[in-house]
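To start, the structure itself, in structure tokens.
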Number of protein chains: 2
Amino acid sequence: MTPRPTLRDVAARAGVSKSLVSLALRGDPGVGERTRERIQVIADELGYRSNVLARGLVQGRTHLLGVVISSLENPYHTEIVAGVEEAAEAHGLSVLLVHGSRDRGRLAQHLDTLTGLNVDGLVVISSWLEDEHLAAAARRTPLVMVGRSHAPVQGIDSVTNDDELGAALAVDHLVAAGRTRVAHVTGGRRPAALARRRGYEAAMSRHGLADVVRVVDRSPGGPALQDALDEAIHDGYDAVFARNDVAAFDVIDHALDRGLRVPADLAVVGYDDSALARRTRPRLTSVNQPRERMGARAVALLVERLGGRTDDQHEVLRPTLTVRAST
Amino acid sequence: MTPRPTLRDVAARAGVSKSLVSLALRGDPGVGERTRERIQVIADELGYRSNVLARGLVQGRTHLLGVVISSLENPYHTEIVAGVEEAAEAHGLSVLLVHGSRDRGRLAQHLDTLTGLNVDGLVVISSWLEDEHLAAAARRTPLVMVGRSHAPVQGIDSVTNDDELGAALAVDHLVAAGRTRVAHVTGGRRPAALARRRGYEAAMSRHGLADVVRVVDRSPGGPALQDALDEAIHDGYDAVFARNDVAAFDVIDHALDRGLRVPADLAVVGYDDSALARRTRPRLTSVNQPRERMGARAVALLVERLGGRTDDQHEVLRPTLTVRAST
DNA sequence: GGTCCGGACTGGAACGTTCCAGATCGTCGA
DNA sequence: TCGACGATCTGGAACGTTCCAGTCCGGACC
């Protein structure tokens, strides 16, 4: 394992000062054309690579962008990452990902690792981090949260999608298709779930269906999904809007087990338009959040902060509906 | 955005030298108990965090472990990451992920970013990196490849699973279930695909079925999967072993479209035991690579290298078969 | 009472860069 | 011929740590 060559090594070989090598390799215009080439050749020969640690230390910025993500299994999250990466590259930033399951302690620790590395900015795709830790990180480094409605913390930007609108899209679509009894499967106390539920209820009212609003809780502690569904089916419900795709699959699974046809007997709409939605039978109609765009906007907000903006920004993007065979 | 406090700041407040603060915070036994506490309190008050850049620069190691992954969408990859993370944490290492789609140039660049950061070790979960880049990185930093049969490069360790054995498990299972005409869906020229195909052919021979060996190519350039499947079905094939789960889903999809029953008319086995395998109808029987263990072994190999091992190690782990409704 | 010892602490060098204030040198105009 | 000037290059400080060689001091020992 050979030690990596330094500026000094290159300088010694080229017979110039380390400063000149630094200038030459960074393309400084004040370096003679012939020397620049000579230095470049020698650097390549030696396999010289600039040391990010040293550069970051002296410059105070690293051109690194840290992304904290709580779940790699969730394609909703990883597609946001793709958007972040693309936008970051366009700004000359490298993206470092840290992944922390749902362990709050570990996530906070990872946040520390990244701030300790002096990353230029942070993107948090996780609702499992505590405000306190977020605030501490944001005090030192620009931070934007994606997918989580703005935490009640100053100094943090956010990018979310309009969950109420998404729910409205789903209900409108079902009603337009002739369904009249639309149930909603919810779960958890997270803001996104609550917003979707609010959107569902509002849309039902708008269609004059307030009296058939029915919400089934899929939370671990809640009543069994199966029983609630059986009851709803018995009561003549012909459509379900689920809070996310996974819940929608469970509904479809159960309906098929009961011998119902989807969508003939029961139409189902999910939320997230995950990769799964395109792979299952029947293909799932789902509300699509503009994930790549969310990632791109997050980077844009960070760059603005680096440029000096000081007031908080909270962007809300509009979801769309992807219609497939389940409705 | 307040600048982060340094050792100097803490030292000034505590009225001691920066060296002592450094020793105290690192728990050096030569520091008086009272002073250590005083320093600790002040550090906490100021929100002091050690600067990874500076520490890495002087120590030559960063306690960081870099993971290069080409696809976040592939659960096979992300589960390996989970194994890496768990093992890394046990060794006091933080894991940094970089993700590079299938763009070789970008992946190589990310490899550079990580080596430039002086990570202590590299785990590569991608078969899209060129030997040349891998070799260059491995010259400076211990590197282990996961899931890719050892590249023809010196100085690199690897962890793979035994693809031939996996294929044998699949065929044995199908034959034991009474199937006699087992086709294989392959694709690509990657070593893993080739090994699975070899394993399929060998197992068929072993069962005296060498004369019904049939391999269908699903490569983009190859003949259409649909036609080849129709032909196989027409020829009385009653089972398919696919090179991965995605291919298996395509087979099932097509069979269902043709009005066949799975598994009654056609049994299907996939490879990878991905999350999808548990979610589709019918649930997919699949060969399961011990992914978390692969990640853990990768870290173990790196730690050995850091401990001074110099000869290359190539670990081959044994896959298992997860039987579900598709067979 | 002097010497030695060990615990507690300090100062400066080093890590590999960037940045800044110069140094060097040939050329050009007067 | 001389100074000024621009182009090209250099040396050292700085970044925030760790590490090493000391310094300082009170007490034990002879």
Side-chain angles (χ1 to χ4, degrees), chain A residues 2-40 42-43 46-64 112-113 115-120 140-141, chain B residues 2-40 42-43 46-64 112-113 115-120 140-141:
Chain A
T2 35
R4 36 157 64 231
T6 72
L7 274 185
R8 238 190 205 77
D9 299 326
V10 180
R13 256 258 235 168
V16 297
S17 72
K18 59 177 175 39
S19 306
L20 186 58
V21 176
S22 173
L23 292 171
L25 296 181
R26 279 180 296 152
D28 189 285
V31 177
E33 198 45 50
R34 297 183 53 80
T35 17
R36 121 123 15 83
E37 274 172 26
R38 200 160 49 85
I39 290 175
Q40 185 62 257
I42 294 180
L46 260 49
Y48 171 80
R49 323 254 69 185
S50 159
N51 182 326
V52 181
L53 299 181
R55 177 150 31 101
L57 190 56
V58 57
Q59 287 193 319
R61 55 172 306 184
T62 48
H63 298 277
L64 295 175
D112 264 10
T113 307
T115 52
L117 263 175
N118 267 14
V119 293
D120 291 351
R140 305 270 127 88
T141 309
Chain B
T2 35
R4 35 156 66 229
T6 72
L7 274 186
R8 239 191 204 77
D9 299 327
V10 180
R13 254 258 236 167
V16 297
S17 73
K18 59 177 174 40
S19 306
L20 186 60
V21 176
S22 174
L23 292 171
L25 295 182
R26 279 180 297 152
D28 188 286
V31 178
E33 197 46 49
R34 297 183 52 80
T35 17
R36 120 123 16 82
E37 274 173 26
R38 200 159 49 87
I39 290 175
Q40 185 62 256
I42 294 180
L46 261 50
Y48 171 81
R49 324 253 68 186
S50 159
N51 183 325
V52 181
L53 299 181
R55 176 150 31 101
L57 189 56
V58 57
Q59 287 194 320
R61 54 172 306 186
T62 48
H63 299 276
L64 295 175
D112 263 11
T113 306
T115 52
L117 263 175
N118 267 16
V119 294
D120 291 350
R140 305 271 128 87
T141 309

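Letters A, B, ... are given to chains in the order of the sequence lines, protein chains preceding strands, and every chain is numbered from 1.
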Begin with the C-alpha distance, continue with both residues' side-chain angles, and end with the deciding distance and a verdict on side chain to side chain contact (heavy atoms under 4.5 Å, CB included) for A/I42 and A/V21. CA-CA 10 Å; A/I42 294 180; A/V21 176; over 6 Å; no
Protein and nucleotides 22-26 of chain D: nitrogen or oxygen contacts under 3.5 angstrom:
none

Between B/Q59 and C/dC15, does any side-chain N or O lie under 4.0 Å from OP1 or OP2? no
Nearest-Å distance for atom pair OH/P, residues B/Y48 and D/dG16: 10 Å
May I ask you to evaluate whether A/R55 reaches the phosphate of C/dG16, defined as a side-chain N or O under 4.0 Å from OP1 or OP2? no
From the list A/T2, A/D9, A/L7, side chain to side chain contact (heavy atoms under 4.5 Å, CB included) with A/P5 holds only for A/D9
Note: A/L25 and A/A43 closest approach over all heavy atoms is CD2-CB, 4.0 Å
Whole-Å distance separating the CG atom of A/L117 from the C1' atom of D/dT17: 14 Å
With side chains defined as the heavy atoms from C-beta onward, is the minimum distance between B/N118 and A/R4 less than 4.5 Å? yes
Between residues 12-25 of chain A and DNA chain D, which residues have a heavy-atom gap below 4.0 Å? A/V16, A/S17, A/K18, A/S19, A/L20
Rounding to a whole Å, what distance do you find between A/L7:CG and C/dC15:P? 13 Å
Calculate the interatomic distance between B/L53 atom CG and C/dG16 atom C1'; express it in whole Å. 12 Å
Given B/N51 and A/L57, is the side chain to side chain contact (heavy atoms under 4.5 Å, CB included) satisfied, shown in steps? CA-CA 9 Å; B/N51 183 325; A/L57 190 56; 4.1 Å; yes
For A/Y48 against A/T6, the heavy-atom pair lying closest together: CE1-C, 3.6 Å
Which value, rounded to the nearest 0.5 Å, describes the distance between B/R49 atom CZ and A/T115 atom OG1? 7.0 Å
Quick check: do A/V52 and B/T113 have side-chain heavy atoms less than 4.5 Å from each other? no
Side chains of B/D120 and B/L64, heavy atoms from C-beta outward: is any pair under 4.5 Å? no
Rounded distance in Å - CZ (A/R140) to P (D/dG16): 13 Å
Rounded to whole angstroms, how far apart are CG on B/N51 and P on D/dT18? 10 Å
Is there a side-chain contact between B/P29 and B/R36, using heavy atoms and a 4.5 Å cut-off? no
Please list, in numerical order, the residues of residues 33-40 of chain A that have a heavy atom closer than 4.0 Å to any atom of DNA chain D. A/T35
Can you confirm whether A/V119 sits close enough to A/T141 that some side-chain heavy atom of one is under 4.5 Å from a side-chain heavy atom of the other? yes
Crowded around B/R61 CZ? As in, over 12 foreign heavy atoms under 6.0 Å? yes
DNA chain D nearest-nucleotide lookup for A/V31 and B/S50: closer to the 5′ end is A/V31
Roughly, in whole Å, what's the span from CG in B/L57 to P in C/dG16? 7 Å
Are any of A/R26's side-chain N or O atoms less than 4.0 Å away from OP1 or OP2 of C/dC19? yes
Could you check how far CG of A/D28 sits from C1' of C/dT17, rounded to whole Å? 15 Å
